[in-house]
Amino acid sequence: MPGDPRPIGVFDSGMGGLTVLKALAARLPHERFVYLGDTARLPYGTKSAETVQAYALQATRLLLDQGVKMLVIACNTASAVSLDLLQEAWTPIPVIGVIEPGARAGVAATRNRRIAVIATEGTVRGGAYARAIRRLMSEASVVQQPCQVFVALAEEGWTDSPATRAAAAHYLEALFSGPSAPDTLVLGCTHFPVLTEAIRAVIGGGVALVDSAETTAGAVAEALLGAGLESETGASEAGTVRFFATDSPERFARVGTIFLGRPIEPASVELVDLRVL
Ligand code: DGL
């Protein structure tokens, strides 16, 4: 078989998952991607598990209709509540979430076995990160902190504003003071990697900051290889991305540029309604 030319589907509640797409595209230059941001219904982080599961199923349907060969749930909140459902229920392709790779990165980084995880309310409520970390390192002490306001700040492009630093201090100052402070902070939300400077200013230089983008890209590369789904080297349309959003392509392109780290043309973003799927 000369390689599988079908694209990889990547799904997030909005634009934050573009941080994961960026890592995937860098790691897998021969692949094509379809990215779906459910911008009309963001944030997922404040919604119930049942609601997010219903959204994730609709997003999966759209990506399956696009003929994807693998599904990456780039959204931590959706991964936390719907990965098992999507893997077990009816998805006929491999499904990869970001929680396990993020947990793996945290465990690899810690020296004192104290790990903090910051995420949305929904991700923290379900405890998926704490469980994944303890599965890998049973003696780990895990502290989870919801930081929902970070999502809005990142969406505004306030990556290192006084307001962002104030929010970072509010959420993290107490957690990272004292002799038993964690030595590792897992950014358990798609939006948080762009806030690294503001977070770093509060927690100091000695704490390892990890996110799941790189480790997820590694997990996807392994899964592609394992399932024999890799594209051919030099495949036509290698590296191309088809963007779908459920609200304003203009806003998706403008804000998405911050997360992807390269310009997105508004005309390249297709508007789609998941409610009719
Ligand atoms: N994508 C979400 C996550 O990673 C953050 C934004 C939201 O709350 O929808 O948890």
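Just follow the structure's listing: the first ligand is 1, and inside any ligand the first atom is 1.
For ligand 1, the polar-atom distance check against T190 finds a nitrogen or oxygen pair separated by under 3.5 Å. Looking at T46 next to ligand 1, no N or O pair under 3.5 Å apart turns up. Backbone and side-chain nitrogen or oxygen atoms of G45 are examined, and one is located within less than 3.5 angstrom of a nitrogen or oxygen of ligand 1.
Salt bridge E155/R251: present, at least one basic N to carboxylate O contact under 4.0 Å.
Relative to atom 2 (C) of ligand 1, the option among G122, G16, C75, P43 with the closest non-hydrogen atom is C75.
By the criterion of a heavy-atom distance under 4.0 Å, the side chain of D12, and not its backbone, is placed next to ligand 1.
A 6.0 Å sphere centred on CD of E156 holds more than 12 heavy atoms belonging to other residues, nucleotides or ligands.
Nearest to atom 5 (C) of ligand 1 among the protein's heavy atoms is C189 SG, 3.4 Å. Among protein heavy atoms, atom 10 (O) of ligand 1 sits closest to T77 OG1, 2.6 Å. Ranking the protein heavy atoms by distance from atom 7 (C) of ligand 1 puts Y44 N, 3.4 Å first.
Residues L271 and S248 share a closest heavy-atom pair of CD1-N, 4.2 Å. The shortest heavy-atom contact between A109 and T184 is C-OG1, 3.8 Å. Scanning both residues, A108 and R111, for their nearest heavy atoms gives O-NH1, 3.5 Å.
Of all atoms in ligand 1, listed by their number and element, those nearer than 4.0 Å to a heavy atom of S13 are 1 (N), 2 (C), 6 (C), 7 (C), 9 (O).
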Kindly indicate, with the supporting measurements, whether the criterion side-chain contact (heavy atoms from CB on, under 4.5 Å) is fulfilled by V95 and V72. CA-CA 6 Å; V95 185; V72 180; over 6 Å; no
May I have the step-by-step check of salt bridge (Lys or Arg N to Asp or Glu O under 4.0 Å) for R114 and D183, ending in yes or no? CA-CA 6 Å; R114 295 194 186 108; D183 70 352; over 6 Å; no
